[in-house]
Amino acid sequence: MLFLKECKKVICSLTFVVYAVTVVVMYVTQFTDVLDAPVLPPRQGLDYYGSMAKEVPEILMPAAAEGLVSEYLSDSYAAYPFGIYRQVKLAESDKAKMADIIEELTGISPEELNEFEEYEAGGYSQVMDENGNPTVEYREAVLPEINFPTDMSYDHFKELMARVDKIIGGGSKYSETYIVENFSRIPMTYEDALAEYEELMQDDSIAEGYIRLFCDYLGIVLAIMPIFVCVALWQMDKKAQAEQLIYSRKVSTVKLVGTRYLALVVSLVLPVLITFFHALAGICMLYPDKDIALGGAIGLAALWLLPSILIVAGVGTLISELLSPLFAILVQGVWWYMTLEMNQLTGSITKWTLILRHNTLGEGWLWDSEYGDFVWNRTAYLILSAAAVGITMFVYEKKRKGAYYAQGTLWKHHSRKSKA
Amino acid sequence: MKNEIQIKAVNKFYGRKQALKDINLTIEQGMFGLLGRNGASKTTLMKTLATLHGKQSGEITVCGIPIENSREIRAITGYLPQDFSMYPSMTVYESLDYLGMLSGMGKADRKEQIQSFLKKVNLSAQKGSRVKSLSGGMKRRLGIAQALLHNPRVLIVDEPTAGLDPEERIRFRNLLCEVAEERIVILSTHIVGDIEATCENIAIMNEGEILWKGTVSELLQNAEEKVFSAEVPRTMLSRVKENYIVTGMLQQGEKAAVRLLAEQAPDLPGVAGQTPNCEDAYMYCLYQNGCDVSGGEESCCF
């Protein structure tokens with residue numbers, strides 16, 4: 001069976017061994033700690049139970065206004081259009097519009113704002129303590145005095161924020177999607193923490209919490225490592241100088257490319273499956289009295305991780321065949337790095353983010369609020385993967401008929417000469 | 001359907017460069033030799049017949065099937081490329097099994113055919129050896145086995161003997177002759193000896209054109225009374241090379257025995273007419289068609 005032969009080619013390669021080891025190492029070093037002991041209910045009387053995002057206009061409005069002033073003064077706005085980080089610098093005309101909105105929000109005139117020279121960005125920075133040891137310190141931003149109008153309605157504020165987001169170009173901190181997460185975090189009370197614990201301990205959500213964390217870690221590896229296995233498989237023919245032999249066989253392009261892609265995906269899934277079932281067994285042993293919803297856990301993991309494998313393998317296959325394997329690795333590397341760098345540990349699930357993050361067992365409320373985007377994201381990547389494989393079939397068929405020559409890529413089409 | 005390949009007015013370009021120029025050829029069952037220098041576009045023609053290259057104009061039918069029906073053509077064609085190679089870590093048996101699978105062969109059929117062809121190409125003892133451990137000759141034999149595995153009606157072999165030692169070369173040529181009994185075998189080469197030993201029908205290509213087509217005897221006949229030998233002083237050698245096409249030279253002390261091509265008997269010491277061999281005839285053909293044949297790789301000793 002061709003499928004099994006292709007699987008053997010993948011699994012017997014060195015890159016696959018490296019991939020499998022990376023998956024296992026990631027799982028063991030990052031995830032297995034949570035399987036050591038069951039989650040305990042929160043203790044009463046603690047000072048801090050974590051924080052949560054909750055839409056509280058009284059907190060949100062002044063905080064957002066402060067954030068906007070800070071970004072205006074630094075002349076740099078963070079935005080995540082399509083889930084990808086972008087630093088936005090406004091044109092002079094947009095700056096003027098922004099200054100007018102800030103005046104309405106804070107009472108600071110554009111002239112005052114532009115003449116404010118003491119501005120310093122806030123945030124965490126490393127400083128030396130009295131013993132000369134490095135330590136991390138939080139510093140408030142130095143901003144002009146902000147007087148948020150007490151009579152501003154929340155609806156009007158939201159209108160202003162929509163205008164701000166439009167000026168920035170969409171996907172900013174002030175957009176409807178991100179504003180609560182960014183500017184309305186409140187400390188959790190004991191009751192909130194207990195409610196979160198009880199929600200996690202429900203039979204149908206206990207495994208979900210653990211599997212989310214499992215997928216959070218594995219998702220990072222699966223957004224990059226499959227590219228190496230993928231490129232190695234598609235390079236095998238070229239490296240062995242067997243391309244023409246393969247091209248000249250009767251097998252249809254759809255069958256050959258489809259079977260190879262399927263074999264690649266199935267092989268890549270194998271180490272994930274092993275770690276997944278190990279994790280699932282660990283969860284069941286941790287909570288022997290609970291009726292763990294295995295179906296839901298399997299479904300969640302499949303919906304989270306399979307599209308990651310499919311898209312990396314699909315895009316890698318396409319770029320390898322169309323351009324070059326090195327370029328495929330470069331594209332995937334940049335995509336992976338940018339997504340990982342810009343993501344927060346939780347609350348980073350958008351419609352286009354490659355690496356989805358939910359790095360905690362709890363915060364089910366956040367997960368629920370992001371679930372729509374999660375399903376949209378994964379479905380979109382499934383469709384894109386299918387499209388990438390379809391285009392690869394087209395390109396491969398063209399190559400079989402000499403369109404790009406036997407060893408060539410699109411770029412080499414007009415440069416190579418026949419050996420004959 | 002008759003085993004026959006028909007090529008009519010085929011043209012092919014690589015960008016602006018014309019690789020095949022108005023090729024017209026009919027190839028029937030048996031061994032067919034395609035002879036030409038390196039860069040004559042033999043490989044381009046071979047690849048076009050193996051559906052690995054397209055053409056810009058003209059018509060090709062293989063056993064009655066238009067070349068555009070690539071899947072059908074691939075089902076009846078075996079191809080051994082110039083630089084045959086397979087996955088180095090696969091065993092000989094696994095390689096054949098994999099390629100047989102890509103040719104759409106069933107499991108039982110593959111098993112039977114692989115055993116039979118391994119025996120035929122004398123590789124039964126190496127069936128468990130990895131491809132990377134095979135010698136050059138063994139690899140070529142594996143190449144011919146893979147090309148014949150699905151019992152094709154057409155076998156295309158591109159420069160199969162380059163780099164083989166004389167013994168392997170003879171063995172390989174005999175093998176090709178054997179398999180040509182029931183199919184079309186197209187042998188592309190720049191080694192005249194391979195053609196002479198195996199093919200009845202040949203075509204000579206140069207710069208994308210067919211210079212000559214016919215039988216080997218017709219090629220030899222064409223060069224009759226054009227081949228001479230002479231014994232000249234070594235000091236005269238450079239003048240002889242300037243004025244004639246020298247196809248062989250053997251230096252003996254102060255003298256040199258030369259074999260040369262000329263329209264008429266040259267005025268040289270010890271000149272005598274010779275029966276043309278295939279190399280002489282090939283060189284004469286090139287010369288007759290205006291090709292530059294002075295010195296270079298085509299000359300050899302006798």
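Small disclaimer: the values here were computed from a predicted structure and weren't measured. Below, chain A is the first sequence line, B the second, and so on; all start at residue 1. Only this structure's heavy atoms are used, side chains among them; waters, hydrogens and symmetry mates stay out.
Here the CD atom belonging to A/Q244 is positioned 10.5 Å from the CG atom belonging to B/L80, to the nearest 0.5 angstrom. Considering NZ of A/K401 and CD1 of B/I67, their distance stands at 10.5 Å, rounded to 0.5 Å. Atom CG of B/L102 sits about 10.0 Å away from atom NZ of A/K5, to the nearest 0.5 Å. The OG atom of B/S70 lies 5.5 Å from the CD atom of A/E397; values are rounded to the nearest 0.5 Å.
Neither the backbone nor the side chain of B/M46 comes within contact range of chain A, judged by heavy atoms closer than 4.5 Å. If you measure heavy-atom distances from B/E159 to chain A, you find no contacts under 4.5 Å at all. Contacts between B/T51 and chain A at a heavy-atom distance below 4.5 Å involve the backbone alone (N, CA, C, O). Both the backbone and the side chain of A/S252 come within contact range of chain B, judged by heavy atoms closer than 4.5 Å.
Proximity of B/M86 to A/L245: side-chain heavy atoms (C-beta onward) are separated by under 4.5 Å at one or more points. You'll find the side chain of B/T77 stays beyond 4.5 Å of the side chain of A/S248, heavy atoms only. Between B/F84 and A/Q241, every side-chain heavy-atom pair lies at or beyond the 4.5 Å cut-off. At a threshold of 4.5 Å between non-hydrogen side-chain atoms, the residues A/R249 and B/Y98 do not count as touching.
Heavy atoms from other residues, nucleotides or ligands lying under 6.0 Å from CD of B/Q56 number more than 12. Remark: B/K127 NZ is loosely packed, at most 12 non-hydrogen atoms of other residues, nucleotides or ligands lying under 6.0 Å away. Counting non-hydrogen atoms of other residues, nucleotides and ligands closer than 6.0 Å to CG of A/L330 gives a total above 12. For A/Y217, the OH atom sits in a packed shell: over 12 heavy atoms of surrounding residues, nucleotides or ligands are nearer than 6.0 Å. Within a 6.0 Å sphere centred on CZ of A/F3, heavy atoms belonging to other residues, nucleotides or ligands number more than 12. Around atom CD of B/E112, no more than 12 heavy atoms belonging to other residues, nucleotides or ligands sit under 6.0 Å away.
Chosen from A/K255, A/K239, A/K9, the residue pairing most often with chain B at heavy-atom distances under 4.5 Å is A/K9. Most heavy-atom pairs under 4.5 Å with chain B: of the set A/T259, A/L256, A/L2, A/I246, this distinction falls to A/L2. Highest contact tally toward chain A, considering only B/P88, B/S103, B/S89, B/G78, is held by B/S103 [criterion: heavy-atom pairs under 4.5 Å].
Between A/K250 and B/A75, the shortest heavy-atom distance links the atoms CD-CB, 3.7 Å. Contact record, B/M101 with A/M1: CE-N, 3.2 Å, taken as the closest heavy-atom pair.
Every residue two or more places apart in sequence or in another chain that forms a salt bridge (Lys or Arg N to Asp or Glu O under 4.0 Å) with B/R110 is listed here: B/D97. Residues that satisfy the salt bridge (Lys or Arg N to Asp or Glu O under 4.0 Å) test with B/E4, not counting sequence neighbours, are B/K2.
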**Request:** Run the numbers on B/R74 and A/R400 for side-chain contact (heavy atoms from CB on, under 4.5 Å), then give the verdict.
**Result:** CA-CA 11 Å; B/R74 284 167 188 163; A/R400 280 183 87 173; 3.3 Å; yes

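Under the 4.0 Å criterion applied to side-chain N and carboxylate O atoms, A/K8 and B/E94 are assigned as salt-bridge partners.
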